[in-house]
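To keep things clear, I will list the structure first and then write my remarks on it.
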Amino acid sequence: MQQKQNLAAIGQRYTDIVWAAGLFEGEGCTYLFKDRRSVQLLVKMTDLDVLERLAVVAGYGKVAGPHWDKNSTKPFWRWTVSKKTEVLRILKMFLPHFGIRRAEKAIEAINYLNETTN
């Protein structure tokens, strides 16, 4: 019985990671700040519950808000990660599930961080 529960937990964790990678694929941004030698991951949206789940699945990140755009009728929140070790871990976790363009950007960010920390 315990083994089945463990396998179910592993399956759910994998599903959560694929979900989070898909969310980041569609809504996320990877910013390279060469002047600060850093990378930031960001997702901005009006669904606070979705960003809170992303933070749990990713295991890191700050959810901030609510914020308001000038002409918006709804508030938005931001999930951000800037800590190098966490950016690297999250990008490597999501990378197998990205499409070509997002994977290329992730690899660029990973290589950049590896170069700046060595």
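Counting from 1, the numbers follow the sequence of the chain as shown.
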Rounded distance [0.5 Å steps], [atom1] in [X] versus [atom2] in [Y]:
{"X": "Lys83", "Y": "Lys62", "atom1": "NZ", "atom2": "NZ", "answer": "14.5 Å"}
{"X": "Lys84", "Y": "Asn114", "atom1": "NZ", "atom2": "CG", "answer": "10.0 Å"}
{"X": "Ser82", "Y": "Leu41", "atom1": "OG", "atom2": "CG", "answer": "8.0 Å"}
{"X": "Ile90", "Y": "Ile110", "atom1": "CD1", "atom2": "CD1", "answer": "11.5 Å"}

For [X] and [Y], which heavy atoms make the closest approach, and how far apart are they?
{"X": "Ala106", "Y": "Phe98", "answer": "CB-CE1, 3.9 Å"}
{"X": "Val63", "Y": "Trp79", "answer": "CG2-CD1, 4.0 Å"}
{"X": "Gly28", "Y": "Val43", "answer": "CA-CG2, 3.7 Å"}
{"X": "Val81", "Y": "Gly61", "answer": "CG2-CA, 3.5 Å"}
{"X": "Pro75", "Y": "Thr46", "answer": "O-CG2, 3.3 Å"}
{"X": "Trp68", "Y": "Lys74", "answer": "CZ3-C, 3.5 Å"}

TODO: Ignoring hydrogens and angles, tell me if any N or O in the side chain of Glu25 forms a donor-acceptor pair with the backbone of Gly99 under 3.5 Å.
DONE: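 Such a contact is found between Glu25 side chain and Gly99 backbone.
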
Open item on the list: With a 3.5 Å distance limit and no angle check, can you tell me whether Arg13 reaches the backbone of Val57 through a side-chain donor-acceptor pair?
Closed with: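 Yes; judged by distance alone, with no hydrogens or angles, the pair exists.
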
Open item on the list: Is there a side chain to side chain contact (heavy atoms under 4.5 Å, CB included) between Arg102 and Leu95? Walk through the geometry before answering.
Closed with: CA-CA 8 Å; Arg102 185 72 64 186; Leu95 183 59; over 6 Å; no

Task: Distance-only side-chain donor-acceptor flag, Gln12 / Asp16, under 3.5 Å - done: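 Yes.
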
Open item on the list: So, applying side chain to side chain contact (heavy atoms under 4.5 Å, CB included) with Phe76, which one of Leu51, Leu48, Asp69 is it?
Closed with: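 With Phe76 as partner, side chain to side chain contact (heavy atoms under 4.5 Å, CB included) holds for just one option, Asp69.
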
Can you check whether [X] reaches [Y] side chain to side chain, under 4.5 Å on heavy atoms?
{"X": "Tyr112", "Y": "Lys34", "result": "yes"}
{"X": "Asp47", "Y": "Glu27", "result": "no"}
{"X": "Pro66", "Y": "Trp77", "result": "yes"}
{"X": "Glu108", "Y": "Thr30", "result": "no"}

Open item on the list: Let me check something: do Phe33 and Leu42 share a hydrophobic cluster, defined by ILVMFWY side-chain heavy atoms less than 4.5 Å apart, either directly or through other members?
Closed with: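 Per the 4.5 Å side-chain linkage, Phe33 and Leu42 are co-clustered.
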
Open item on the list: Test of understanding: clusters of I, L, V, M, F, W, Y form through side-chain heavy atoms closer than 4.5 Å, transitively. Do Val87 and Ile107 belong to the same one?
Closed with: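 Both belong to a single hydrophobic cluster.
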
Open item on the list: Students often mix this up, so state it plainly: with edges at 30° and 60°, are the rings of Phe24 and Phe94 parallel, tilted or perpendicular?
Closed with: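 Because their plane-to-plane angle lies in the 30° to 60° range, the rings of Phe24 and Phe94 count as tilted.
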
- [ ] Just say parallel, tilted or perpendicular for the rings of Tyr14 and His97, cut-offs at 30° and 60°.
- [x]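 Taking His97 first and then Tyr14, their aromatic rings stand perpendicular (interplane angle over 60°).
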
Open item on the list: Salt bridge or not between Arg101 and Glu104? Use side-chain N to carboxylate O under 4.0 Å.
Closed with: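 No, Arg101 and Glu104 are not salt-bridged.
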
Task: CG/Asp35: more than 12 non-hydrogen atoms of other groups inside 6.0 Å - done: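 Yes, enclosed.
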
Open item on the list: Is it true that, when you exclude Tyr31 itself, more than 12 heavy atoms of the residues, nucleotides or ligands shown sit nearer than 6.0 Å to its OH?
Closed with: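 At most 12 heavy atoms, drawn from other residues, nucleotides or ligands, come within 6.0 Å of this atom.
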
- [ ] Start with the C-alpha gap between Leu23 and Arg53, add the side-chain angles, then the distance that decides, and say whether side chain to side chain contact (heavy atoms under 4.5 Å, CB included) holds.
- [x] CA-CA 11 Å; Leu23 177 67; Arg53 181 177 175 204; over 6 Å; no

